[in-house]
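Computed from heavy atoms alone, side chains included, the values below leave out hydrogens, waters and symmetry copies.
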Amino acid sequence: MTQNLIKQLDLEDFLRTFESFLARPKDLFLQGDSKIHLRYIQALESVLFTPPKSIQNLDSALALLKKFGYLKLDEIFEFVKIIRYFNYFKSLKCEGILGEWLNQIIIPEAILEISKSFLENGNLKEGIYLELDSINAGMERTKREISQVLSQILNQNKLNSYLVDRQIHLINDEECLLLKAGFHHILKGQILNRSATGFFYVLPQSIANLKDKYNELNNKKEEQLFNISREISSTFTKHFLFLNFINKEFDRLDNYQARLFFARSYDLEFLTPKTNDSSIILNEFRHPALKNPKSITLAFKEQVLMITGVNAGGKTMLLKSILSAVFLSKHLIPLPINAHKSSIGNFKHLNLILEDPQNSKNDISTFGGRMLQFSQILREKEGIIGIDEIELGTDSDEAASLFKVLLENLMQKGNKIIITTHHKRLAALMAGDSRVQLLAALFDEEREMPTFKFLSGTIGKSYAFETALRYGIPKSLVNEAKILYGEDKEKLNTLIENSSRLEMKLQNEISKAEEKSAHLEQKIIHLQDKELELERAFLKSKNELESAYAEAINAAKKAIKEQSPQNIHRQISLANKLLNEARNTNHQEPQNQQETRVFTINERIKYRNHRGIILNLNKNKALIQLEDGIKLQVSTKEIKHYGNLPTPPQTKIQIQTPQNANVVLDLHGLRADEAIEKLEVFISNSLIAGFDEVLIYHGIGTGRLSSIVRDFLKSHPKVVDFTDAPAKMGGFGAKIVKL
């Protein structure tokens, strides 16, 4: 399925080039979180290292070891190359997550000793296996003896008359001489062959004896090599789990380095899928299969993207480009794109319905094949699906109704869909759906050529007659077709396009009105809550006053009952005191509350002419966030409890732009708390200054400061998006932040 998809997306050559950076072929897919894999690749970017040499696949060798079998010496050497490469990488003293990973790989001493036994060409070193060294020395001596004996024979004067030439010939891998007839009176030997001119290829007997000696030594060498291989294989079997582990880890490291060097070589960028987001935003993306392509900048935020318009105007290539970007991002393959201004959602699966599905062998028509393709994808959920020429093979009016139902079914299952079509009937049916995004391929009527540009929010015209002329159809035949087509049909198409555009505009206005209505509803609920709160406060004050007056009256009654003038005066004084306290409490309570200024975190407050909430309290200071997202640190004397305020008139907030505002912040060398404090002030000043994009340097180092900056930016309500800066602006050690 994956290979077919790669072919359909025209990515074969691009991925073949990527695979050339791998030490050995492997699956494109990286298991696990792609964001974590990208962190390792980013860590590799700061390391100066040499990529690994070619390594063979060792799955069959591992299977043999698991069954206690014996490996050949060249298979053993493939493991040795992996061990040596990890040893080389560990010697680079990498830091951060890369260093932590490599430090976890502990190579057993027995395996290290075996790796030291080999030369760079795969042969065994001398001085380790002495018997093998002795055999190799004997073979070398025998080879020298053969050369010396051949030279002596050629220099014999009595053989000169029988020599055809003085060269040493090689027949059936045997060194021999070319002699004339009658040579056997002078030289004993074996005739190996006869030349076309009637001469004899002769192997001298003395050379044959030396050859037998050499072959005997070679057989001993093979036997010795087998024993060595068996001994090493036994050690490998004892460490099978480690070898299986290191083999997988090498593939992981190979995947990382290949992606890094591929990106460097072709000026590509990494883009990881964004979780919990199905939007596709492409900025300056170029399909790798195109030469001198026009870059694509597109925001696909709805659930369906319907591409209409002129024939041969780039609709299919746009479809392939969007899906290619999704595919490459999913597999963490670097791609030609402006990554810090782009984002791609995470999809569980990717399907493409592209070619004509007609199959005469299986008696499947074009439309029948298309229905078969749809029946297979109707089970898919939360994926992305591309469909080229959706209404291929049947009546467009019937197909429009059928495909509308099928598309709605796919949308209900959380799928994101890209469609190309020439038929306006389906486009008109779908245009009123708020989940559908329209895109039209444009046509230059003056030049009578497609522009390969696209206009959002409209249904495009196919320009079939103009395209026919461009591809050589006689103008007389095209004019005849236009007459047959009729002006009424052309007017109907225009009405369909206009009505769809108006319906979309109406839907947009309705959406805005609903948002405004919801906002007003929230204000009404807020005012009702405040009214209820005031009513409760009024009842509380009323009850307290009634209680105070009741106590004063009781004190007065006691005074009446007293006989002693002194007691009477004392009770009257007490009654007056209670009344005065009640009056003072009633009139001074708001003032006293204001003077104490007791606040709590998350309490709604008022600061000057703005409302907000308290984020943090520190002695007489408070960190507040205003309704527009701006964070400020102010004195508690400057803020008030949020009271029952009437709906304020529309006011214009004027805040003086900070004099020291800057679009760049450097956090190198700061502690975590210092970095957070500077970030808060920097973002607030940038918002007040009206900056919509800023640059923050945090460096790479251990990754701690980078993680703190990323977490802060994710949580800040006024940060729209952020991504790693391009290489020339700091690369992975900096973030470009959109506000």
Side-chain angles (χ1 to χ4, degrees), residues 53-56 61 69-81 84 113-233:
K53 295 179 181 178
S54 177
I55 303 282
Q56 293 181 9
Y70 304 139
L71 302 181
K72 296 178 182 178
L73 210 60
D74 58 344
E75 293 173 319
I76 292 171
F77 186 60
E78 294 300 312
F79 282 105
V80 168
K81 287 196 287 186
R84 285 180 172 175
E113 288 301 318
I114 290 172
S115 70
K116 295 175 184 177
S117 303
F118 286 84
L119 297 169
E120 288 299 320
N121 60 4
N123 293 331
L124 291 166
K125 290 181 179 178
E126 293 183 0
I128 298 176
Y129 301 100
L130 299 180
E131 189 174 347
L132 178 64
D133 293 345
S134 177
I135 294 171
N136 284 331
M139 291 176 70
E140 285 297 320
R141 284 195 303 270
T142 305
K143 286 172 69 176
R144 287 196 298 270
E145 287 180 29
I146 290 172
S147 298
Q148 291 171 359
V149 172
L150 275 173
S151 179
Q152 291 171 1
I153 293 172
L154 284 171
N155 290 325
Q156 291 179 8
N157 292 329
K158 56 184 178 180
L159 191 63
N160 287 342
S161 59
Y162 295 99
L163 284 172
V164 176
D165 55 41
R166 302 190 65 82
Q167 296 179 359
I168 297 174
H169 299 270
L170 195 66
I171 301 296
N172 299 329
D173 293 330
E174 300 284 355
E175 291 97 339
C176 58
L177 305 175
L178 186 59
L179 302 175
K180 300 174 185 177
F183 70 87
H184 56 276
H185 297 292
I186 305 299
L187 182 69
K188 290 183 179 181
Q190 179 184 353
I191 297 174
L192 299 180
N193 207 340
R194 194 167 183 173
S195 70
T197 54
F199 301 117
F200 300 95
Y201 290 104
V202 179
L203 173 65
Q205 187 61 46
S206 57
I207 299 298
N209 293 337
L210 289 171
K211 283 280 187 179
D212 291 340
K213 180 181 177 181
Y214 183 86
N215 290 334
E216 184 180 349
L217 288 170
N218 192 51
N219 289 335
K220 288 183 179 179
K221 179 180 178 179
E222 292 297 326
E223 183 180 353
Q224 186 64 22
L225 289 175
F226 174 76
N227 291 333
I228 294 170
S229 297
R230 183 173 59 182
E231 180 185 339
I232 295 175
S233 296

Undergrad: If I compare all heavy atoms of V202 with all of C176, which pair ends up nearest, and what's the gap?
TA: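 In terms of heavy atoms, the two residues are closest at O-CB, 3.1 Å.
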
Undergrad: Within the side chain of R230, is there an N or O that forms a donor-acceptor pair under 3.5 Å with the backbone of Y70?
TA: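 Between the backbone of Y70 and the side chain of R230 there is no qualifying donor-acceptor contact (under 3.5 Å).
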
Undergrad: Applying side-chain contact (heavy atoms from CB on, under 4.5 Å), run through S161 and I186 and close with a yes or a no.
TA: CA-CA 10 Å; S161 59; I186 305 299; over 6 Å; no

Undergrad: Can you measure from CG (L163) to CG (D165) and round to the nearest 0.5 angstrom?
TA: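 Reported to 0.5 Å precision, the distance equals 7.5 Å.
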
Undergrad: Quick check: closest heavy atoms across K211 and E175, and the distance to 0.1 Å?
TA: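 In terms of heavy atoms, the two residues are closest at NZ-OE1, 2.5 Å.
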
Undergrad: Look at the aromatic rings of Y201 and H169 and report parallel, tilted or perpendicular, splitting at 30° and 60°.
TA: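 The rings of Y201 and H169 stand perpendicular, inter-plane angle above 60°.
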
Undergrad: Between R84 and E120, does any NZ, NE, NH1 or NH2 come within less than 4.0 Å of an OD or OE carboxylate oxygen?
TA: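 Looking at E120 and R84, the cut-off is met.
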
Undergrad: For the pair L210 and V149, evaluate side-chain contact (heavy atoms from CB on, under 4.5 Å) and give the outcome as yes or no after the intermediate values.
TA: CA-CA 9 Å; L210 289 171; V149 172; 3.8 Å; yes

Undergrad: Quick one: side chain to side chain donor-acceptor pair (under 3.5 Å) partners of Q148, sequence neighbours excluded?
TA: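 Counting only residues at least two positions away or on another chain, Q148 forms no side chain to side chain donor-acceptor pair (under 3.5 Å).
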
Undergrad: Evaluate the ring planes of F200 and F183, with Trp represented by its six-membered ring, and classify them as parallel (under 30°), tilted (30 to 60°) or perpendicular (over 60°).
TA: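 It falls in the tilted class, 30° to 60°.
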
Undergrad: After noting the C-alpha distance and the side-chain angles of N227 and E223, does the key distance pass the side-chain hydrogen bond (donor to acceptor under 3.5 Å, both in side chains) rule?
TA: CA-CA 6 Å; N227 291 333; E223 183 180 353; 4.8 Å; no

Undergrad: Could you pull out the closest heavy-atom pair between I128 and K116, with the gap in Å?
TA: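 Shortest heavy-atom contact: CD1-O, 4.3 Å.
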
Undergrad: Given side chains that start at C-beta, do those of M139 and I135 come closer than 4.5 Å, heavy atoms only?
TA: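 Side-chain contact under 4.5 Å: yes.
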
Undergrad: Would you name the heavy atoms of Q224 and L132 that are closest together and state the gap between them?
TA: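 Scanning both residues, the minimum pair turns out to be CG-CB, 3.9 Å.
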
Undergrad: Could you measure the distance from the CG atom of N193 to the CZ atom of F199? Nearest 0.5 Å is fine.
TA: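 Rounded to the nearest 0.5 Å, the CG-CZ separation comes to 14.5 Å.
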
Undergrad: Are K72 and E75 within salt-bridge range, i.e. N to O under 4.0 Å?
TA: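 Salt bridge flag = no for E75 with K72.
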
Undergrad: Determine whether N160 and R166 satisfy the following criterion, side-chain contact (heavy atoms from CB on, under 4.5 Å), listing intermediate values before the conclusion.
TA: CA-CA 9 Å; N160 287 342; R166 302 190 65 82; 3.4 Å; yes

Undergrad: Would you check if the side chain of K81 reaches a backbone N or O of S54 as a donor-acceptor pair within less than 3.5 Å?
TA: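 Indeed, once roles are kept as given, a pair shorter than 3.5 Å links the two residues.
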
Undergrad: Is it the case that more than 12 heavy atoms not belonging to K143 sit under 6.0 Å from its NZ atom?
TA: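 No - once you tally the heavy atoms of other residues, nucleotides and ligands closer than 6.0 Å, there are 12 at most.
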
Undergrad: What's the spacing between L192 CG and L178 CG if we round to 0.5 Å?
TA: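 It is 11.5 Å, given to the nearest 0.5 Å.
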
Undergrad: Between OH of Y129 and CG of L225, what distance do you get to the nearest 0.5 Å?
TA: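 Reported value, rounded in 0.5 Å steps: 10.0 Å.
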
Undergrad: Taking L71's backbone N and O only, do any of them form a donor-acceptor pair with S233's side chain (distance below 3.5 Å, no angle check)?
TA: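 At least one qualifying donor-acceptor pair exists.
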
Undergrad: Do side-chain atoms of S134 reach the backbone of L130 as a donor and acceptor pair under 3.5 angstrom?
TA: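 It does not hold such a pair.
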
Undergrad: Check for a donor-acceptor pair, side chain of N155 on one end and backbone N or O of S151 on the other, with a separation under 3.5 Å.
TA: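 Flag set: sc N155 to bb S151 pair under 3.5 Å.
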
Undergrad: To the nearest 0.5 Å, what is the distance between CD on E78 and CG on L73?
TA: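 If we round to the nearest 0.5 Å, E78:CD and L73:CG are 11.0 Å apart.
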
Undergrad: So, taking the atom named CD1 in I168 and the one named CD1 in I146, what distance separates them when rounded to the nearest 0.5 Å?
TA: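 The CD1 atom of I168 sits 10.5 Å away from the CD1 atom of I146.
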
Undergrad: Using distance alone, with no hydrogens and no angle criterion, decide if E140 and N136 have a side-chain donor and acceptor under 3.5 Å apart.
TA: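 On atom types as modelled, these side chains do not qualify, holding no pair under 3.5 Å.
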
Undergrad: Keeping N172 on the side-chain end and E174 on the backbone end, is there a donor-acceptor pair under 3.5 Å?
TA: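 Looks like no, no N/O pair under 3.5 Å.
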
Undergrad: So does E126 get a backbone contact from the side chain of D133, meaning a donor-acceptor N/O pair under 3.5 Å?
TA: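 It does not hold such a pair.
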
Undergrad: Compare every heavy atom of T142 with every heavy atom of Y214, then report the nearest pair and how far apart it is.
TA: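 Residues Y214 and T142, closest heavy atoms: CB-CG2, 3.7 Å.
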
Undergrad: Do the side chains of V164 and L179 get nearer than 4.5 Å, heavy atoms only?
TA: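 When only atoms from C-beta onward are counted, V164 and L179 do not touch, as no gap falls below 4.5 Å.
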
Undergrad: State, with a plain yes or no, whether a side-chain heavy atom of N123 is found less than 4.5 Å away from one of F118.
TA: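 The answer is no; the side chains never approach within 4.5 Å.
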
Undergrad: Identify whether the distance between the nearest side-chain nitrogen and carboxylate oxygen of E131 and K220 falls below 4.0 Å.
TA: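 Looking at E131 and K220, the cut-off is not met.
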
